Amino acid sequence: MQLRTMYKNWSGLKGGYILAFVFFLQANAFSQNIIIPVETQHSALVLQTNSNNNLNIVYLGAKLSDKKEYEAITAQYKQTSEYTGVSNAAYPASGSRNLFEPAITVTHADGNNSLDLQYVRHETKKLDENQSLLTVTLKDPVYDLEVRLFYKTYFKEDVTEQWSEIKHNEKGNVVLHKFASAALYLKAESYWLRQYHGDWAKEMQPEESRLTHGIKTLDSKLGTRTDLFQAPVFMVSLDKPATEEEGTVLYGALEWSGNFRIELELDNQDNLRLLAGVNNHASPYTLKPAEVFTTPAFLSVLSFRGKGGASRQLHAWARNYKLLDGKGDRLTLLNNWESTYFDFNETKLKALLKDTKALGVDLFLLDDGWFANKYPRNNDDAGLGDWQENKTKLPNGIASLVSEAQANDVKFGIWIEPEMVSPRSELYEKHPDWVVKQPNRKEYYFRNQLVLDLSNPQVQQFVFNTVDNLFIKNPKLAYIKWDCNAVVYNAYSAHLTNQSHFYLQYVQGLYAVLQKIRKKYPTVPMMLCSGGGGRVDYAALQYFTEFWPSDNTDPLERIFMQWEYSYFYPAISSANHVTDWGKQPIKFRTDVAMMGKLGFDIVVSKLQEKELRFCQDALKTYNTIKPIIWQGEQYRLQDPVSNAVAAVLYLNEQKTSGVIFNYLVNNRYGAGSERPIRLKGLDPKKRYRLKELNLYPGTTSTIDADKSYTGEFLMTIGYNPDVKAERASVVLELKAE
Ligand code: DGJ
């Protein structure tokens, strides 16, 4: 889905759709039992009108070969009484008969709070061979208020994106108290939620539990970097917890970089209602007549082949449709954050540029601390917002570093945190009205800084100019790391007249800036970073080529964290750096970082000769295997939680080449790969050889590279990577003969 603004005119669907067929039904003639199946390759969501002309969800599950049979589904359920006829509404409204959590709550222009949404019409457009868009129009019979529900399907990937538009023509403004993107309704014997919480350096911590009756809410109210404490992604297994390869599981994710709210309500009939959207916390929206309120999209994938199946579908979708340059290339890099922090100057950086070349990565990334003069950025308590080179550290500016990089035959990238301002900065002094803060209250800081008011178009222009000026002055600039380290405290905008619109319009403003940047600089790689994880979602990833999962780069921690992130985001989007975090040797750290987009943040000059040689060789190897890691299918073979050895396979589409990463994650006496690890996804008939990669200089492999095995053997019996304390990390290349 392209970014859509909340305020665009009601102009219908735009864009170059390939219109294969449209069908259109008027309610009057067929108001009973209109059935609308929304199908993908393997799944179906079936909508149906009831006798009151409300649109309900009668099925979400495996696709049936005969569409006509969807009609017979409802009669097969003999559950407890259904009092309302709308408990399974496609978009539950409040104030009429609905007794459960609503997707939408409004106060009409006359002060009335009731809403009843009835089916008016629907149409399906085939956008191309793989994508279709269903639009259903619902309308209140009493008030002139319409909701349009959108279901965009990606057939091959089994992904559906849902969003809605709300519009009215009442005699005054309507207040939207709740405005979910989507509702879903599931029937199963039991429901198992896998959700994620976290904090700095502890991102993506999973919890899996059986849902009990009542409402489980996953939400964020942080304003910016909103997934710091809770992620906007989750999965629900039906009937029993899905395993990697077995079970029915629904993945869900909200495509929104601001406050979100996901609700899972297990009702009196033991059915599960799922609502997802922008968080309505402190955000009632005043909708003018004829204005269109468009929600962000909620995406879901339903898999009948376990968590692994769902994640492979989602990865394919992300690379094909959503992640910026998802099928493209990425740059390996050397970052200076942990090797210098704020303590650097031109001489030091020029030496690092030589190290960049010596190491063999593509790019040098200059981190925080290069800017501000009146309040120099020598610490994290000053300078944000003053994006001019610091004259003491960089007397010849960024330009001289960019040309020095060129002289060393490497590219140059730079860190910015353009949404933020330090209280000690010239920007704050000049434009206190651009800062998010309450006029009559004490200022509160998060990492000693404040957030700029992106709901203000002048601030949007300032943020755009910050990026634009860097490129204008340095056309060879090849990479941006876009950081975001503070949450919103004391939410207040000096620009807005309606403060309730602040959280929404902040994100809208952010997207407006990112759109403008991408219009002018469509391909330059950008990392979405946020003082660690705490900011990744599929709306933002339309503008970014990669994200920073966590400041915690301890490789042992990363095995767990990357495992969880990898359910939702493909390896190509995960920026993994080799740093000095953790106690493991450089080989272990590098192997783990290779399971994504590889970078380094170490003092290259301090590496032992063998360590440097290892890194140089590993980078050469990485350049040969990265297409498989980035574009291949990921199979999680053994999880790090219940096994001493964790293993992950990336396999190319033809099933002829793969890379297997194996790690010791338990340091008890004798822990290692006692039993073989079964591979997945191979061609049973092909013969494969396994060869060890990333050997540390001076060591030899214990894997026999001359021996070959059938795919059947490797998937039935497995292979043993011989992981043990002295071989704690083993990378194997898999090649079909
Ligand atoms: C937080 C990021 O996660 C780090 O990598 C680094 O860029 C610092 N910010 C710089 O302030």
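Each ligand, and each atom within it, is numbered from 1 in the order the structure gives. This is a predicted model, so every value here is computed, not measured.
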Salt bridge between [X] and [Y], side-chain N to carboxylate O under 4.0 Å?
X      : Y      : value
Glu208 : Lys307 : yes
Glu429 : Arg424 : no
Lys597 : Glu546 : yes
Lys473 : Glu389 : yes

Next on the checklist: Quick test: of every protein heavy atom, which one is nearest to atom 1 (C) of ligand 1, and how far off is it to 0.1 Å?
Outcome noted: Asp483 OD2, 3.1 Å
Item to check | Protein residue, atom and distance nearest to atom 11 (O) of ligand 1, heavy-atom basis | outcome: Asp368 OD2, 2.6 Å
Checklist entry - Where does Arg447 meet ligand 1, judged by heavy-atom distances below 4.0 Å: at the side chain, the backbone, both, or neither? => result side chain
Checklist entry - Quick one: which of Trp337, Phe342, Trp548, Tyr341 has a heavy atom closest to atom 8 (C) of ligand 1? => result Trp337
Next on the checklist: In the structure I gave you, are the side-chain heavy atoms of Trp370 and Gln388 within less than 4.5 Å of one another anywhere?
Outcome noted: no
Checklist entry - Hey, does Trp415 come in under 3.5 Å of ligand 1, counting only N/O atoms on both sides? => result yes
Next on the checklist: Does any N or O of ligand 1 fall below 3.5 Å from an N or O anywhere on Asp551, backbone included?
Outcome noted: yes
Checklist entry - Is the number of heavy atoms from other residues, nucleotides or ligands under 6.0 Å of Lys350 NZ greater than 12? => result yes
Proximal ligand 1 atoms for [X], defined as those under 4.0 Å from one of its heavy atoms:
X      : result
Lys481 : 4 (C), 5 (O), 6 (C), 7 (O)
Asp367 : 6 (C), 7 (O), 10 (C)
Asn485 : 1 (C), 9 (N)
Cys529 : 2 (C), 3 (O)

Item to check | Backbone of Thr553 reached by a side-chain donor or acceptor of Arg589 within 3.5 Å | outcome: no
